[in-house]
Number of protein chains: 2
Amino acid sequence: MSSPAVHSGPGEHDHESRPLRADARRNRERVLEAASTVFAEEGIEASVAEIARRAGVGVGTLFRHFPTKHDLLLATLEVGFDEIVVAVDEALATDDSWAGLAHVLTVCAEIQARDRGFLDAVGPELFAEPSLQLRNAERMELLTRLVERARADGVVRDDLRAEDLPFLLSALGGATRTCGNTQQAAPTDLWRRYLGIILDGIRPSGATPLPVSAPTLEQLTARCRSASGS
Amino acid sequence: MSSPAVHSGPGEHDHESRPLRADARRNRERVLEAASTVFAEEGIEASVAEIARRAGVGVGTLFRHFPTKHDLLLATLEVGFDEIVVAVDEALATDDSWAGLAHVLTVCAEIQARDRGFLDAVGPELFAEPSLQLRNAERMELLTRLVERARADGVVRDDLRAEDLPFLLSALGGATRTCGNTQQAAPTDLWRRYLGIILDGIRPSGATPLPVSAPTLEQLTARCRSASGS
DNA sequence: ACCTGAACACCGTTCAAGT
DNA sequence: ACCTGAACACCGTTCAAGT
């Protein structure tokens, strides 16, 4: 049972420096909070100026704590990551390996559906991110346990790999984006329909041989590293 | 057998004006060509300045022919749209209704995989676009014939609707984007793996009841119109 | 009628000046 | 140590001036 990591202790160490001053710590918190709500509502293209204004600080302060807009975005994703880790733990604690796998994918999709920033962020960059590299490896191992168990139980097609899950989640993200539950009106849960189709697609019953084999974790991170270094 | 529409006769009528002057027509063509290659390689975030430079014209000329960057992008998508129409015609001409449907989805995915602009463009905006509204309706009717036939033949799950196809294509786009065949290195066709999973997901064999019903065409366009009008 | 490029309003990011 | 906001380099778009 791996518990969600604590990302900001009271001392908040960057690289390897001392704790932040009290006011700095509060400002950092405010920026992070403002960014979370703004990114969740407006997505990646929200302006840092608006976030700074909403946080009641100058833009310089924002960039002091988060050197780049992308860093700030990554920081806002942490709570979603923790939710996913919890979901995986819950899944591994269940006997029903299919229900567990479906639960993980559902939780991921729910986060994407309610947080436009998270939706925009899913993609190769998340694997390219050096700051996430280690934790990604840990998560991948958990996912591998989940998928292996489901395969052993015969509840998923036997050519399914843990490395497929990020891509399937990305696919679901594409559908969710098009479902357009971005803002106003009745926020639809149409994405559940396409999650259902994808889930049926990884079941063993109607499985047809796939034309391409799954990527290895090395290929996954290698591809992304080269993509981010262009 | 509906043949792909001709989008630019020698007379090129905008709104309802006269033919373009000879030099203007050539400039328009150059811009469109430059935009096609640049968007295909770099995606939406390519700059209009670079396109204008590559076309050998001033930015003002570019905006004279295409009032907005988005209009220019839409214009570059036309050849892909025509390809899809051809694919649907081919599919309807075949006896094998499953192969036909799979062929259409494959062609769409191939376009997305080789054209980053097309990949970035798929989404609700394509249905919101007033300029595409009519032709979208026509295409939807063709897709409906395709899906109905496949349902009647029992080769797809019987809760599949034609309106699902754009969303499934969007989903595939999400996976393709994450596959990251954007630039350098061996351009992977990993997306074919996830197309395979989605195809298995719409087969009748392992089909499980879906939690949400398909959107109607009206809902589809209505949602998008409200999204674009914000 | 059409083309051009300087000008404008915006964006993310930096940095000298303040406390 | 930290904060601030004017300044910078970029973007999409406009428009007065040219042919």
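To find a chain, count down the sequence lines: A is the first, B the second, and so on, and within it residues start at 1. In this text the structure is predicted, and so the values were computed from the model without any measurement.
Note: CG (B:Leu62) to P (C:dG5) measures 13 Å, nearest angstrom. With rounding to whole Å, B:Arg53 atom CZ is found 16 Å from C:dT4 atom C1'. Note: CD (B:Glu50) to P (D:dC11) measures 9 Å, nearest angstrom. Atom pair A:Glu42:CD and C:dC11:P shows a separation of 10 Å (rounding to whole Å applied). Distance B:Arg64 CZ to C:dC2 C1': 5 Å, rounded to the nearest Å.
Proximity of B:Asn27 to the phosphate of C:dC2: no side-chain N or O atom is located under 4.0 Å from OP1 or OP2. Checking the phosphate oxygens (OP1, OP2) of D:dC3, a side-chain nitrogen or oxygen of A:His65 falls inside 4.0 Å.
Within 6.0 Å of atom CD in A:Glu141, 12 or fewer heavy atoms from other residues, nucleotides or ligands are found, so the atom counts as exposed in its surroundings.
Ion pairing between a basic and an acidic side chain is recognised when a charged N comes within 4.0 Å of a carboxylate O; B:Arg54 and B:Glu42 show no such pairing.
For A:Ala35, the side-chain contact (heavy atoms from CB on, under 4.5 Å) criterion is met by A:Phe39, A:Ile51, A:Leu72, A:Thr76, not counting sequence neighbours. Residues meeting the side-chain contact (heavy atoms from CB on, under 4.5 Å) test with B:Glu33, sequence neighbours left out: none. Residues passing the side-chain contact (heavy atoms from CB on, under 4.5 Å) test with B:Val59 are B:Ala52, sequence neighbours excluded. Residues that satisfy the side-chain contact (heavy atoms from CB on, under 4.5 Å) test with A:Ala162, not counting sequence neighbours, are A:Leu143, A:Thr144, A:Val147.
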Here DNA chain C, pairs taken as Watson-Crick or G-U under 3.5 Å and shown with ( ), [ ] when crossing and | when to another strand, reads ||.|||||...|||||.||
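A pairwise comparison of heavy atoms in B:Asp189 and A:Val212 identifies O-CG2, 3.5 Å as the closest pair.
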Produce a footprint string for nucleotides 12-19 of chain C: one letter per nucleotide, 5' end first; B if the base is under 4.0 Å from any protein heavy atom, S if only the sugar-phosphate is, - if neither. SBBB----
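Classification of the A:Phe118-A:Phe81 ring pair by plane angle, with boundaries at 30° and 60°, yields perpendicular.
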